[in-house]
Amino acid sequence: MRPILPASLCVALAFLAAPAFAQQSNEVPLPPSVQAAVDGQPAVQVAAASGQKAAQQTIQRINTYFNSFKSMTGNFVQVDPDGTRRQGQFYILKPGRVLFEYDPPSRVELVADGRSVAVRDKKLKTQDITPLSATPLRFILAENFDLARNANVTGVYQDDVFATVVLEEKQPMIGTYRLMIMFDAKTMQLKQWTVTDPQGFDTTVAVSNLDTSERPDPMLFVINRK
């Protein structure tokens with residue numbers, strides 16, 4: 001049986017609160033790769049970029065895309081290790097700030113203010129706070145996204161559908177986390193990411209309706225530490 005983790009550690013694993021929160025009832029269609037994960041199939045089939053030059057070109061295209069915007073808004077669908085689905089809206093303001101608002105009946109939201117990540121239970125009015133530097137979110141929210149200089153990169157993959165980069169990080173006394181970020185192979189637009197915890201459990205977040213033209217209100221990303 002999988003141990004029940006505290007919410008603060010779950011943030012470090014997968015940018016979300018523990019799976020004990022209520023399951024989303026009004027389900028939406030999932031991207032094929034996410035639906036496959038729910039059905040117990042491999043989440044994605046990828047082919048290694050053919051040669052070092054191809055891998056470098058893929059990395060450069062991803063870097064160029066991520067550094068082309070300072071803000072992003074959109075919708076997300078999250079699939080937890082037990083198959084639970086949630087959905088909602090997210091707001092990014094680089095560097096380091098993000099807000100994930102989950103639709104009802106989920107009572108949780110996640111916010112990062114550039115220094116910390118807080119998972120809030122809006123009903124109980126409680127929160128768990130984790131340093132942003134201890135979570136995989138820091139890769140996606142970095143002001144200067146540069147995979148070529150990132151020692152955590154362990155794989156670059158390319159096929160006709162996705163360009164994929166895999167990062168791994170070892171945490172003392174805990175184990176190795178893996179972050180797989182997937183992009184559209186043609187446009188390099190962000191599609192989804194999967195966090196695998198040291199026990200091998202995956203949490204996948206797929207994004208859609210992305211907009212990088214508007215700057216979210218900075219007050220969305222305030223964490224009250226009192």
Give, for atom [atom1] of [X] and atom [atom2] of [Y], the distance between the pair rounded to the nearest 0.5 Å.
X	Y	atom1	atom2	answer
Met188	Phe162	CE	CZ	11.5 Å
Asn144	Lys94	CG	NZ	8.5 Å
Ser208	Lys191	OG	NZ	8.5 Å
Leu220	Arg97	CG	CZ	10.5 Å
Met182	Thr164	CE	OG1	4.5 Å
Asn152	Leu179	CG	CG	9.5 Å

| Per the side-chain contact (heavy atoms from CB on, under 4.5 Å) rule, which among Leu132, Leu141, Ile129 passes with Val117? |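 Running side-chain contact (heavy atoms from CB on, under 4.5 Å) over Leu132, Leu141, Ile129 with Val117 returns exactly one hit, Leu132.
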
| task | Not counting sequence neighbours, list each pair that qualifies as a ring pair (Phe, Tyr, Trp, His ring centres under 6.0 Å) and has a residue in residues 109-141. | result |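 Sorted result for residues 109-141: empty, none.
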
Keeping the roles fixed (side chain from [X], backbone from [Y]), state whether a donor-acceptor pair exists under 3.5 Å.
X	Y	value
Arg61	Ala185	yes
Asp80	Asp82	no
Asp197	Gly200	yes
Tyr65	Thr187	no
Thr204	Val79	no

What's the shortest heavy-atom distance between [X] and [Y], and which atoms?
X	Y	result
Glu143	Pro95	CB-CB, 3.7 Å
Val108	Lys122	O-CE, 4.2 Å
Glu101	Phe76	O-CE2, 3.7 Å
Gln158	Thr58	OE1-OG1, 3.2 Å
Leu99	Phe221	N-CE2, 3.7 Å
Leu93	Pro216	CD2-O, 4.1 Å

| Which residues pass the salt bridge (charged side-chain N to carboxylate O under 4.0 Å, His left out) test with Arg138, sequence neighbours left out? |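 In terms of salt bridge (charged side-chain N to carboxylate O under 4.0 Å, His left out), with neighbours along the sequence ignored, Arg138 is linked to Glu169.
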
| task | Report the residues that fulfil salt bridge (charged side-chain N to carboxylate O under 4.0 Å, His left out) with Asp211, sequence neighbours left out, ordered by chain and then residue number. | result |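 Partners of Asp211 under the salt bridge (charged side-chain N to carboxylate O under 4.0 Å, His left out) test: none.
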
| field | Members besides Val222 in its Ile/Leu/Val/Met/Phe/Trp/Tyr cluster (side-chain heavy atoms under 4.5 Å) | value |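 Same cluster as Val222: Met219.
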
| said: Just to verify, what does Thr64 make a side chain to side chain donor-acceptor pair (under 3.5 Å) with, not counting sequence neighbours? | reply: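 Listed in chain order: Gln60.
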
Do [X] and [Y] make a side-chain contact, defined as non-hydrogen atoms from C-beta onward lying under 4.5 Å apart?
X	Y	answer
Tyr91	Val111	no
Ile59	Val165	no
Glu168	Lys170	no
Leu110	Leu137	yes
Val207	Met72	no

| Contact list for residues 149-158, test salt bridge (charged side-chain N to carboxylate O under 4.0 Å, His left out), sequence neighbours left out |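 Pairs touching residues 149-158 that pass the test: Asp146-Arg149.
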
| task | Check Asp103, Asn209, Thr73 against Gln89 for a side chain to side chain donor-acceptor pair (under 3.5 Å) and give me the one that passes. | result |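 Only one option passes, and that is Asp103.
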
| task | Pick out which of Gln78, Arg86, Gln87 makes a side chain to side chain donor-acceptor pair (under 3.5 Å) with Tyr102. | result |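 Single pass found, and it is Gln78.
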
| field | Ring geometry between Phe145 and Phe66 (parallel below 30°, tilted from 30 to 60°, perpendicular above 60°) | value |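 The arrangement is parallel - the two ring planes meet at less than 30°.
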
